[in-house]
Amino acid sequence: FLAMAYILTVNPNQIFGAGSPYWASVFIATAFGAIIGTLLMAFLAKMPLAQASGMGLNSMLGGIIGGWGGYGAAFTPGQAFMLVLISGFLFLLLSVIKIKGKTFRELVFDGMPIAVRSAISVGIGLFIAYIGFQNAGIIVANQYTQVALVDLTVWSKGAAARTALVAIIGLFLIAILDKFNVKGSVIIGILGATVVGMPLGVTNLDIIAGKVDGISWKFWENYKNFFSVGENSVFGSFTTVFKDGFPAGSLFTIIMLIITMCMIDMFDTMGTIVGCCGGNRILSDENNKPRNYGQIMISDAVATCAGAVLGTSTVTTFVESGSGVAAGGRTGLTAFTTACLFLLATFMLPLFAMIPSAATASALIYVGVLMMKGNVKNIDFSNAINAVSAFLTIVIMVLAYSITKGIGIGMVSYTLMSLISYGVEMIVYACKKKNVTVDENGEAVEVEKPKFNVSVVALVVTALFLVYFLVPTVL
């Protein structure tokens with residue numbers, strides 16, 4: 001919970017911006033969406049995974065509403081949330097409709113190349129760590145090299161070096177405690193970093209005093225505005241579409257947006273749960289397929305639909321769930337506790353908002369370490385095609401700042417290289433078969449026909465990713 005509580009304040013900023021009249025309403029919607037999704041994980045999937053409004057998709061939704069995302073005409077909040085709702089229903093259908101005893105999403109998982117599937121966990125580990133480095137200010141923007149290490153010579157008030165120090169101390173504390181098998185090392189590390197941040201000015205004590213705009217102890221005012229279903233509330237705003245419809249001439253844009261949302265949610269969730277559960281035999285099988293996979297996917301899809309009704313962006317399984325698994329979470333009790341804390345947060349927002357992102361960043365970095373350590377050994381680097389596709393999956397996921405794009409590039413590269421390789425092998429096979437060779441006993445040597453090792457599902461998924469990458473959202 002502490003690793004992902006930031007979403008409560010970040011999500012309203014991403015969708016509407018700080019100071020928006022919708023801010024408090026979206027805060028409540030974000031909390032309720034997380035509660036519903038995480039309770040589904042607790043009681044339906046029975047897994048230590050938490051859900052909340054996903055980063056990336058909330059920015060996309062903000063661009064749809066604000067009109068700055070390049071999607072043509074600006075959509076109203078109600079129209080945007082209806083898109084989320086439709087994508088959630090589509091997602092749900094893909095999770096329950098079965099083909100030969102398996103749902104579409106299970107077929108996708110089973111049909112993915114092992115090289116790409118094994119690389120997902122490593123890529124997400126690095127991705128989580130990179131988010132942590134950014135949140136802590138350890139890695140900063142640079143106009144010449146794009147990114148650089150924080151300047152550790154500047155320690156003035158508000159300098160990034162201070163937040164970096166807090167995160168590093170928290171990381172070292174977690175690692176040392178974990179070395180001595182101290183339970184709850186991640187939580188202790190976060191709280192310890194929060195305390196360290198107080199004298200450094202990183203932990204803002206004005207938040208807990210209720211002196212920061214938008215963060216107040218008066219929770220009843222937030223609840224009142226949320227359920228009033230007025231112009232400052234997002235609750236149930238999707239229903240306005242039945243009256244006003246969608247912007248004229250936006251049919252293709254709507255279709256592409258729904259497909260894009262559905263694909264991002266599907267592969268983000270798939271990647272996240274494999275990353276968090278893979279390598280742990282309590283939570284996954286020998287193929288790194290998480291236990292109760294179907295129930296996890298249904299929980300995710302239902303949570304997305306519920307989130308749209310409440311008035312928030314796509315609710316998805318959070319990569320920060322890995323911090324709970326790292327702390328020892330193995331059952332739905334972890335998810336249930338997280339949901340309870342989200343409910344508590346709606347009443348005690350200032351208390352949770354006081355924990356600085358630099359403190360939670362230390363947990364994200366350490367989770368990245370654990371995910372790489374436990375999964376990189378599963379990648380077969382002896383095969384060049386496997387090695388390249390796995391490498392691209394990992395690197396693109398981090399550098400493109402997208403789990404979905406990393407999986408997509410990995411799938412496309414693996415499929416294309418395998419097709420070309422198979423074509424060459426077939427030509428060689430045809431030539432050898434034509435020119436019969438004999439062994440030392442004068443008997444004809446049988447030439448083994450090459451095997452095509454790309455599944456039909458992988459071909460379909462690759463085609464979908466090519467559409468995702470190459471077809472513009474707006475024509």
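All values reported here derive from a predicted model rather than from experimental measurement.
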Are F226 and F27 an aromatic pair, judged by ring center distance below 6.0 Å?
no
Calculate, to the nearest 0.5 Å, the distance between atoms OG1 and CG belonging to T346 and L8 respectively.
9.0 Å
What closest approach, in Å, do A136 and A361 show between heavy atoms, and which atom pair accounts for it?
CB-CB, 3.8 Å
Do N386 side-chain atoms and F381 backbone N/O form a donor-acceptor pair below 3.5 Å?
no
Does W217 reach the main-chain N or O of I208 with its side chain, forming a donor-acceptor pair under 3.5 Å?
yes
Could you tell me whether the side chain of R117 and the main chain of M112 form a donor-acceptor pair under 3.5 Å?
yes
Validation row: Y401, Q134 side chains within 4.5 angstrom (heavy atoms)
yes
About how many Å separate CZ of F133 and CD1 of I365, when rounded to the nearest 0.5 Å?
4.5 Å
Taking the side chain as C-beta and beyond, is there a heavy-atom pair between Y130 and L364 under 4.5 Å?
no
Side-chain donor-acceptor pair present, T316, T269, cut-off under 3.5 Å
yes
Which atom names give the shortest non-hydrogen contact between T38 and A335, and what distance separates them?
CG2-O, 2.9 Å
Smallest heavy-atom separation, S313 atom then N11 atom, equals OG-OD1, 3.5 Å
For the pair R291 and M47, evaluate side-chain contact (heavy atoms from CB on, under 4.5 Å) and give the outcome as yes or no after the intermediate values.
CA-CA 8 Å; R291 309 286 183 189; M47 293 290 279; 4.3 Å; yes
State, without any angle test, whether S53 and N58 hold a side-chain donor-acceptor pair at a distance under 3.5 Å.
no
Would you say the side-chain atoms of T304 and D265 include a donor-acceptor pair closer than 3.5 Å?
yes
Test item: F81 and L85 side chains (from C-beta on) under 4.5 Å apart, heavy atoms:
no
Q51 to A303 - nearest heavy-atom pair and separation
OE1-CB, 3.7 Å
As an exercise, state the distance from CD1 of I86 to CG of L257, rounded to the nearest 0.5 Å.
10.5 Å
What orientation do Y223 and F227 show, parallel under 30°, tilted 30 to 60°, or perpendicular over 60°?
parallel
Could you give me the CA-CA distance, side-chain angles and deciding distance for I64 and M261, then say whether side-chain contact (heavy atoms from CB on, under 4.5 Å) is met?
CA-CA 12 Å; I64 293 171; M261 287 179 180; 3.6 Å; yes
Any donor-acceptor pair under 3.5 Å from T203 side chain to T194 backbone:
yes
With side chains defined as the heavy atoms from C-beta onward, is the minimum distance between I396 and I407 less than 4.5 Å?
no
For the side chain of T240 and the backbone of S237, is there at least one donor-acceptor N/O pair under 3.5 Å apart?
yes
Heavy atoms of other groups near I114 CD1, more than 12 under 6.0 Å
no
What distance do L310 atom CG and I35 atom CD1 have between them, rounded to the nearest 0.5 Å?
9.5 Å
For the side chain of T76 and the backbone of Q79, is there at least one donor-acceptor N/O pair under 3.5 Å apart?
yes
Any non-hydrogen side-chain atom of I355 less than 4.5 Å from a side-chain atom of T360?
yes
How far apart are the C-alpha atoms of V26 and F16, what are their side-chain angles, what is the distance that settles it, and do they pass the side-chain contact (heavy atoms from CB on, under 4.5 Å) test?
CA-CA 9 Å; V26 177; F16 288 106; 3.5 Å; yes
If I take atom CE from residue M270 and atom OH from residue Y293, how far apart are they, to the nearest 0.5 angstrom?
3.5 Å
Any donor-acceptor N/O pair, R162 side chain to V202 backbone, under 3.5 Å:
no
Closest non-hydrogen contact found for S362 with L171 is CB-N, 3.3 Å
Between F336 and F43, is the ring centre distance below 6.0 Å?
yes
Okay, side chain of S284, backbone of C277: is any donor-acceptor separation there less than 3.5 Å?
yes
N/O donor-acceptor pair under 3.5 Å between S118 side chain and A115 backbone:
no
Here the gap from I174 atom CD1 to I169 atom CD1, rounded to the nearest 0.5 Å, amounts to 12.5 Å
Within the 4.5 Å heavy-atom criterion, are L200 and W155 side-chain neighbours or not?
no
Any side-chain heavy-atom pair of M397 and L126 under 4.5 Å
no
Can any side-chain N or O of S321 pair as donor or acceptor with the backbone N or O of A50 at less than 3.5 Å?
yes
side-chain contact (heavy atoms from CB on, under 4.5 Å), that's the test. Do Y366 and D178 meet it? Break it down for me.
CA-CA 10 Å; Y366 192 64; D178 201 27; 2.5 Å; yes
Any non-hydrogen side-chain atom of L49 less than 4.5 Å from a side-chain atom of C276?
yes
Nearest non-hydrogen partners of G137 and V140, listed with the distance
O-CG1, 3.4 Å
F235 and F32 aromatic centres sub-6.0 Å:
no
